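What follows is one structure encoded as structure tokens, with my remarks underneath.
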Amino acid sequence: AVPVSAEVEVEVEMEIGDAEEAAIAYLRERASNGSAASSIQRWGYALTRWFRTVREIHEISEDEMVYVTTFTRETFTRAKVDWRDEVGQQTIYMTARVALDLWLWIADDPDEWPGIPMPPRGRGILPRPQHYRAPPAPLLEEIDAMIRWLAQDGRRNVSKRVAIVGRHTGLRVSQILALQRFDLDVENAILTVRTGKTKDERAEPRLMPVSRHMIDDLVDVLDRHPTA
């Protein structure tokens, strides 16, 4: 109630958007735009952590709505402090980044989500991401020793074959696991690689000459599947 005079009071009601409802709409839009299911799942986990923390900071019970007005710099600052004892730096960064992206997305449509505060410019509100250094590549002697170790355990046949192909081709594990029997031309020692990490790698299949030593090392599985 807003007092206008000593005698009159005017009731002013303002509808304020539901932040959790907005988050669901945000994830659905990302999915419909082609984002991978694994990414949607990661963002969902991040937003679950965000809203749990927001409820704790603002003392909002589980049966109460989380309003979009909770998106403030102060909330972000307190949340980052609270997360330090729970998760690692990279998880803190990802959670804050997804929450900020949601804030920007909501602010793009204030008519749909009334009450949303103006988001900050840039990404200065985010913590610094953790940078990892790639470990040194293993020597061929070390890879061969690992393959010999895997060969001693019959339960590790798949791991052994992945290691053999990786040792001779340098392919990523995901690329190796995506290979089909017909991708290997035994007669001409040519491997067709159909997957990759970058857009260029995924654009079209690549033909890769392979060592006869690799084919010999895979003779057990090739004998069982001589053709596609």
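Given the structure is predicted, the values throughout are model-derived calculations rather than measurements.
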Tell me whether R55 is salt-bridged to E20, with the criterion being a basic N under 4.0 Å from an acidic carboxylate O. yes
Quick check: is L27 connected to I24 through a chain of hydrophobic side chains (ILVMFWY, heavy atoms under 4.5 Å apart)? no
With D82 as partner, the option from I57, I92, T77 fulfilling side-chain contact (heavy atoms from CB on, under 4.5 Å) is I57
If we count only N and O atoms by modelled type, under 3.5 Å, do the side chains of E29 and W105 hold a donor and an acceptor together? yes
So, does E112 use its side chain to make a donor-acceptor pair with the main chain of D109 at under 3.5 Å? no
Keeping the roles fixed (side chain from D183, backbone from Q180), state whether a donor-acceptor pair exists under 3.5 Å. yes
Is a donor on one side and an acceptor on the other found under 3.5 Å between the side chain of R181 and the backbone of L184? yes
Give a yes or no answer on whether the side chain of W149 reaches the backbone of D144 with a donor-acceptor pair at less than 3.5 Å. no
If you apply the rule ring-ring contact (aromatic ring centres under 6.0 Å, His included), what do you find for F76 with W50, and how did you get there? CA-CA 9 Å; F76 266 78; W50 166 258; 4.7 Å; yes
Shortest non-hydrogen separation from W113 to A25 and the atoms involved: CZ2-CB, 4.1 Å
Look at the side chain of K80 and the backbone N and O of I125, then say whether any donor-acceptor pair between them is shorter than 3.5 Å. yes
Look only at the side chain of N188 and the backbone of I190, and say whether a donor-acceptor pair between them is shorter than 3.5 Å. no
Going by atom types alone, do E64 and S61 pair a side-chain donor with an acceptor below 3.5 Å? yes
Do V54 and V81 belong to the same hydrophobic cluster, where Ile, Leu, Val, Met, Phe, Trp and Tyr are linked whenever their side-chain heavy atoms lie under 4.5 Å apart, directly or via other members? no
Has the side chain of S39 got a donor or acceptor atom that lies under 3.5 Å from a matching backbone atom of S35? no
According to a hydrophobic-cluster definition based on side-chain heavy atoms being under 4.5 Å apart (Ile, Leu, Val, Met, Phe, Trp, Tyr only), do I143 and L218 belong together? yes
Spell out, as yes or no, whether a donor-acceptor pair under 3.5 Å connects the side chain of T95 to the backbone of T91. yes
Is it the case that W83 and T53 place a side-chain donor and acceptor less than 3.5 Å from each other? yes
Does any non-hydrogen side-chain atom of D101 lie less than 4.5 Å from one of R30? yes
